[in-house]
Amino acid sequence: MSQAREEVIQACAEESCGCEANYSEHLPEHFGENVFSLKVMKEMLSPKAFVAIEKTIKEGGKLDHSIADEVAEAMKKWAISKGATHYTHWFQPLTGVTAEKHDSFIDWDEKGGIVLSFSGKNLIQGEPDASSFPSGGLRATFEARGYTGWDPTSPAFIKEGPEGATLCIPTFYIGYHGEALDKKTPLLRSMVALSKQICRLANLFGIDTKGKRAYCTLGPEQEYFLIDKAHYEARMDLVQTGRTLFGRKPAKHQQQEDHYFGAIKPRIMGFMEDLDRALWALGIPSKTRHNEVAPAQYEMAPIYEDLNSGVDHNMIVMDLMRQIADKHGLVCLLHEKPFAGVNGSGKHNNWSVSGPDGKNWLYPGKTPHENAKFLTMLCAVIAAVDSYADLLRVTVATAGNDHRLGANEAPPAIVSIFLGDQLTDIIEQIEKGGAKSSKEGGTIHVGVDALPTLAKDTTDRNRTSPFAFTGAKFEFRAVGSNQNPSAANMVLNTIVAEAISNICDQLEAAKGKDFNASLQKILQEIIKKHKRVLYNGDGYVEAWQKEAKKRGLPNFKTTPEALEAIKVKKNIDVLVKHGVLSAVEIASRYEINKHAYDTVTALEGNCAATIARTQLIPAALEFQAQLSSVKSVAQKKLQKTVSGLIDKALGAADVLDAAIEKHDSAKTNAAMLKLREAIDALEGVVPANIWPLPSYAEMLLMNA
């Protein structure tokens, strides 16, 4: 039994907890125990303050500053009871990771001693130095002022340390003039934009929206690798870049498909158990755990929750995975492609929408009214993805994801939508004038013409599709495992808001005409115009590449190609129109993402050249020296092979150095591949006792 689990069960046995040693029986009582939740607030705040903050959390809007001090005092008392000595405004700068600056609760009293204090001002606003975070030209280096602002819709939580704890307060992060310097601010803006348009559509459907809002839900599946810490520390490439720059494919890897959903090894299970308990204590609804396809690869999937919390929680998940792996003598690799030749890791972004009526609008209903909403929402997503496929592709464009997309069960770089046979059949019928039947059989009148009864699972699964309808939700599979999911969801919210806005414009213009007939015509036109983005087949085959080109679908295979879409006028216009990003903020994202890509590429190139010259080529030279006195024909042949590969490696290293010197990312990547070819070939002939790096076989198969 792991130490962390023993501590939890021991806590359950204490009188202060009131639980017995069987943790599972009392899991509901422990779930969210390290979160400043509505339940905690109701117990600690006055009725007036609680009503105000509950309204803010559930309906959005600003919190009344008059109650901020009361909320802050309650939050401080609760945090101190959990062992906290410090607090931090926890935010998500444009680095792609989280950031925090800790301040203690201590302050001077008037008697020469200290008191523990935390004011409403401390809670609502912070001022970390902004000069060293990427801004893409939004501000000069000498302009250091930046502000963090409390996001009350995402609950504060306790982050435990070795000897204490810290109160973490989720915040947005902006510059002196209000420019968004983070991932959260545009996400929150996009959520407002989408809610506005869905409520507008709801009104046209006769749904009461007064005092209500629409919101998105998110369930990000998180894939990751676990390897032994000793193997990780022996590889400079993993330590510095997160992926292996060299490594010969082992005889056994994932080709037998025996790891997927296989029995979980005890050491890995210990990690997963500790991870679940840590996540549950933070109110993160970790639901599923299993072995993934590649050896040493695993997945964690949560229950869906509101989008903002889902994103924040995913960032916490990645942080905890790294911390808890370390306690088990393991290292968690979140890079999209840490090992060549086997599956990479994604973050399957399960996205859906709940309307102001409290129902999932991507769930096929049992009444004509609900099915009409579903069809309208479905067509809006189709129009959005087709119109802004290039912008959606930008959100998953990173140096790491470039190695993953289009290989080993990852979706291709071409953004297309998978609907499955039944929905595709219905869409095709609507295009021709109205759905009359279904492959599942049966019809009902829906008011938009006629739509067949839809089963809960209306589609099969397509692992090669980047954007698939998987029953009551869309799964954007192209998001990389190491990415903050904010950008993908921010763009998805915005482009769907635009598509719904266009539908509403047409329906409002047709006021006085038959609503059902008008809606039928609008959906028919959407399908005719945007059906090119629908594809149910294999995304890996060469025939799809040719067909996609024929259809006019964009195919940006690398990050530099994809990033150019940020500059396209229609993409700038849609983000500006809905108040998600200003033109200046959009331009900054191009600069930040391009700089990040070039920096990673240069770092990997320098690391590869260093390892090759200081570790791997010397090992090969050592073996070459051992072969220098050989006599047999076979030994001479081996010596010739080794010598030739060493020459190739040295030549490739020279080419790589030149590419790095010229700051040419494309040539750097190409040179790294050439160097890797020679080095991996050398690994196949140099004795294992001489080769200085742990092999793929060791790292992938010896983690437990």
Side-chain angles (χ1 to χ4, degrees), residues 234-251 335 337-342 399-400 402-404 406-407 557-561 597-699:
R235 296 206 50 137
M236 188 192 305
D237 50 1
L238 279 177
V239 172
Q240 292 195 3
T241 73
R243 75 180 182 102
T244 53
L245 302 177
F246 304 105
R248 186 178 179 84
K249 188 186 297 185
H335 192 284
K337 196 75 172 179
F339 301 101
V342 299
D402 277 2
H403 298 290
R404 165 183 168 259
K557 295 184 178 181
T558 68
T559 292
E561 291 177 86
Y597 177 85
D598 291 339
T599 300
V600 168
T601 302
L603 170 61
E604 289 183 347
N606 278 306
C607 186
T610 299
I611 293 173
R613 291 188 185 280
T614 64
Q615 290 183 276
L616 305 180
I617 293 175
L621 288 169
E622 180 183 342
F623 182 49
Q624 182 188 47
Q626 292 179 7
L627 294 171
S628 61
S629 59
V630 298
K631 303 294 183 181
S632 71
V633 174
Q635 289 173 320
K636 288 181 179 179
K637 184 177 180 181
L638 177 59
Q639 182 186 34
K640 183 178 180 181
T641 297
V642 172
S643 297
L645 290 174
I646 290 173
D647 288 342
K648 284 184 179 180
L650 287 169
D654 288 340
V655 173
L656 177 56
D657 287 339
I660 296 169
E661 184 69 24
K662 293 178 180 178
H663 304 288
D664 190 321
S665 293
K667 289 183 178 179
T668 298
N669 281 322
M672 278 196 287
L673 285 175
K674 285 292 184 182
L675 178 58
R676 180 168 190 156
E677 288 175 9
I679 293 295
D680 288 358
L682 280 170
E683 185 182 357
V685 294
V686 174
N689 65 312
I690 296 177
W691 198 252
L693 301 183
S695 68
Y696 265 34
E698 291 173 300
M699 290 185 288

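Just so you know, residue 1 is the first one in the sequence shown, and it goes up from there.
- Partners of P618 by side-chain contact (heavy atoms from CB on, under 4.5 Å), not counting sequence neighbours: none found.
- Of all heavy-atom pairs spanning V642 and L682, the tightest one is O-CD2, 4.0 Å.
- Annotation for I617 and A649: closest pair CD1-CB, 3.9 Å, computed over non-hydrogen atoms.
- In this structure, the separation between CG on N606 and OG1 on T241 is 12.0 Å, given to the nearest 0.5 Å.
- Of the inter-residue distances, the one linking Q240 atom CD with L245 atom CG reads 9.0 Å to the nearest 0.5 angstrom.
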**Request:** For side-chain contact (heavy atoms from CB on, under 4.5 Å), just list the numbers for F623 and I646, CA-CA rounded to whole Å, side-chain angles, deciding distance to a tenth of an Å, and then say yes or no.
**Result:** CA-CA 11 Å; F623 182 49; I646 290 173; over 6 Å; no
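- For the side-chain contact (heavy atoms from CB on, under 4.5 Å) test, residues two or more places apart in sequence or in another chain that qualify with S628 are Q639.
- Between R613 and D657, at least one side-chain N (NZ, or NE/NH1/NH2) sits under 4.0 Å from a carboxylate O, which counts as a salt bridge.
- Taken from CG in L656 to CD in E661, the straight-line distance is 11.5 Å, to the nearest 0.5 Å.
- Donor-acceptor pairing under 3.5 Å is recorded for the side chains of D598 and S665.
- Across all their heavy atoms, L693 and A234 have their closest contact at CD2-O, 3.7 Å.
- Heavy atoms only, all atoms of each residue included: L675 and A653 are closest at CD1-N, 4.1 Å.
- At a threshold of 4.0 Å, the pair E604-R243 counts as salt-bridged, since one of the basic side-chain nitrogens sits closer than that to a carboxylate oxygen.
- Here CH2 of W691 is found 11.5 Å from CD of E622. Values are rounded to the nearest 0.5 Å.
- Relative orientation of the Y696 and F339 rings is perpendicular, given thresholds of 30° and 60° on the angle between their planes.
- Atom CD of E677 is separated from atom CG of L645 by 11.0 Å, given to the nearest 0.5 angstrom.
- K337 places a side-chain N or O within 3.5 Å of a backbone atom of V342 that can act as its donor or acceptor partner.
- Across all their heavy atoms, L616 and P692 have their closest contact at CD2-CG, 3.7 Å.
- Taking each heavy atom of E561 and T558 in turn, the nearest pair found is OE2-OG1, 3.0 Å.
- Counting only distance, with no hydrogens or angles, the side chain of R676 and the backbone of G247 share a donor-acceptor pair below 3.5 Å.
- For the pair S695 and R248, the minimum side-chain heavy-atom distance is 4.5 Å or more.
- Within 6.0 Å of CD on Q626 lie more than 12 heavy atoms contributed by other residues, nucleotides or ligands.
- Side-chain atoms of R235 do not come within 3.5 Å of backbone N or O of T244 as any donor-acceptor pair.
- The CD1 atom of I679 sits 10.0 Å away from the CD1 atom of I611 when rounded to the nearest 0.5 Å.
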